[in-house]
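Some notes on the structure that comes next.
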Number of protein chains: 6
Amino acid sequence: MFSVTVRDHFMIAHSFTGEVFGPARRLHGATYVVDLEVRRPALDADGVVVDIGRASVVLHEVLAALNFQNLDAVPEFAGKNTTTEFLAKAIFDRVAARIASGDLGDAARGLTAMKVTLAESHIAWAAFEGTVPGA
Amino acid sequence: MFSVTVRDHFMIAHSFTGEVFGPARRLHGATYVVDLEVRRPALDADGVVVDIGRASVVLHEVLAALNFQNLDAVPEFAGKNTTTEFLAKAIFDRVAARIASGDLGDAARGLTAMKVTLAESHIAWAAFEGTVPGA
Amino acid sequence: MFSVTVRDHFMIAHSFTGEVFGPARRLHGATYVVDLEVRRPALDADGVVVDIGRASVVLHEVLAALNFQNLDAVPEFAGKNTTTEFLAKAIFDRVAARIASGDLGDAARGLTAMKVTLAESHIAWAAFEGTVPGA
Amino acid sequence: MFSVTVRDHFMIAHSFTGEVFGPARRLHGATYVVDLEVRRPALDADGVVVDIGRASVVLHEVLAALNFQNLDAVPEFAGKNTTTEFLAKAIFDRVAARIASGDLGDAARGLTAMKVTLAESHIAWAAFEGTVPGA
Amino acid sequence: MFSVTVRDHFMIAHSFTGEVFGPARRLHGATYVVDLEVRRPALDADGVVVDIGRASVVLHEVLAALNFQNLDAVPEFAGKNTTTEFLAKAIFDRVAARIASGDLGDAARGLTAMKVTLAESHIAWAAFEGTVPGA
Amino acid sequence: MFSVTVRDHFMIAHSFTGEVFGPARRLHGATYVVDLEVRRPALDADGVVVDIGRASVVLHEVLAALNFQNLDAVPEFAGKNTTTEFLAKAIFDRVAARIASGDLGDAARGLTAMKVTLAESHIAWAAFEGTVPGA
């Protein structure tokens, strides 16, 4: 299995609901360093997993829609705790939708799986991985 | 599959038995930077894989029992080479026991797999991963 | 010159005022990974720059007072842009006050300079360094 | 499952063919930081996955054959784009051949899988993983 | 003293002349991860060392002029060994020229010193630091 | 001012004397990741600060003399606490002696300052810097 990973980041404010979160129930924020890993069993005719330039652009665009936002005010996330693991899945879904719409180009048709990792600090990170829908 | 990882470290002395170890047969030591990754297929009602605060505390307590020890003098490890990969498994087992005893809380009941990685330097690390016993 | 550095982190929400900040004028947040470096020309009788355990505790306490806060609502920062470089100085001053009050112990009396670095992402960080007041 | 990983690097020049590569079609180069991960379900009698010293030497020798080369002039790679993912597979195959020839020693007979990761920068890396041939 | 640092990278081919370089006399290449640190004794009215967005853009543009090049064919570098330390100075000079021409904006007028660091691998890097010309 | 830095590591056992050290008074150990930075105001005729290959070899040899040792049994360190900061100075002195004896070659004659940094974990490190004796 081949994989390619690109890294970017975004910065947001949010707060959590639930006793388990302790002081994180207050409005605070985070920098998330995001790793998008895409996988496929064989390389395409150019010898790549995906056009890494396009993958970087798509990741950047997906993160730009979240960057410098207060996630408590984003309608899509209403009633949800925007935990690191929840956001990993949200970004996974958004990148998957971009692949489905052809934004990663023809090479991306061979992608079978993805993993999105969000580091919230030097000592904690979370991830969601799964098959690419339609793969 | 979702995952959450927390990082901590511990520092020990030990020596190895067996020709393969060369100069590492002498009493020496290591700092191990430890990553504990826990996995589950779905988030709990709070939107988390595990209470990350509790996970950090449990990892710290498990490592504290080893920290600043001469592993050659730890009865549990008698007759064993406390290699990086061996210690990854030993820490995996101790964390698993803590999960089984409920120390990671209700959220931890949904955990299905774990991975423990020990970095012994900037150029070498080892890991043990497996299913959570009883999951 | 000797130095010792310890690392910790905190997570906050804030917003900026001024055209230069563009989208960062919106309420957002950041994880700051903080490096506290303390310096002195000679080691103390124990062979240390400072009690590294105490230094870690003092840094953690200084950061805990900021952690999980909305800095826009902190009276001390009213009318200020809590930029990464501004916060580096604010933390420098708070650690310096703790040294002056003896919280780092006797060994800390020999400290002559400090540097506080805040990384806001994997591609940007800021720092403030200066002499220890009274040194 | 146990794993051990060792890190090394090599530096090469090359160019790519195909519109997808844009400016990377010009002769340029890269430093690749390489992580070789080897896996096996149980430790050997010495308590190791592999003789880590031998694994480091074999990785270093495999990379030395590529280090300081213009890959456009390497006959084995003629007509191929030596992308990061392609090189991950090429190095995987070369290490696998060394294992098959016994260069990693008896302990390596128990290896079942490998992963080779090449980081081309702080924001992009690629990998190939698979079963060890003959395992 | 305050400082702000931004990180970017570029990838080049080159070769060296001189016995000291051994195998690096062959055409090879490197990825350089570049840290641009700018310093000033006091923050500007906005509370910043420099407009970090502009600093990132200027660094990216300076590196783009070198990215995906064969440095052996760059007229400006004819007769020179484009070592890591030499390139650190070359990039320092180009950024300094951009500051002098006003491309970093008014805030950059207060900059007094800069440091440019180029990491060529995970185990080697070089830097050039000095005062900002005209500061 | 130009600088070049090379990284290596060593692993030792030791114990400390003095109440300030708490549990670190027990025999334990550490991995130290070592950065050797050498500085000079101008490059030599080859365009380098120092022969980086020789610098790496000298650092490796200096660390090899300490690697896999119990520092409590090293006569040179008798009666001393081999703290991270103390070891930074000890390694500084040993490298300086190697420079003085010509082991870094002619280029090293221009070196004016050095810094040795020892990271004992991902959250703590210490350093000693000073002028090169005789420079």
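Residue numbers begin at 1 in each chain, while the letters A, B, ... track the order of the sequences.
- With respect to chain C, the highest number of heavy-atom pairs below 4.5 Å among E/D8, E/V6, E/V33 belongs to E/V6.
- If you tally non-hydrogen atom pairs under 4.5 Å between each of E/L36, E/D35, E/V38, E/I52 and chain C, the highest count goes to E/D35.
- Contacts between C/F21 and chain E at a heavy-atom distance below 4.5 Å involve the side chain alone, from C-beta outward.
- Checking side-chain atoms of C/N70 against main-chain N and O of C/D72 turns up a donor-acceptor pair under 3.5 Å.
- When C/F128, C/F92, C/W125 are each tested for a ring-ring contact (aromatic ring centres under 6.0 Å, His included) with E/F2, only one passes: C/F128.
- In terms of heavy-atom pairs under 4.5 Å with chain C, the best-connected choice from E/R7, E/E37, E/R39 is E/R7.
- Side-chain atoms of E/H14 never come within 3.5 Å of backbone atoms of E/L71 as a donor-acceptor pair (strictly under, hydrogens ignored).
- For C/S121, no part lies under 4.5 angstrom from a heavy atom of chain E.
- Looking only at distances, a side-chain donor or acceptor of C/R25 sits under 3.5 Å from a matching main-chain atom of C/G22.
- Side chain of E/T84 to main chain of E/A126: no donor-acceptor pair is present (N/O by atom type, distance under 3.5 Å, no hydrogens or angles).
- No part of C/A88 comes within reach of chain E, as not one of its non-hydrogen atoms sits under 4.5 angstrom from that chain.
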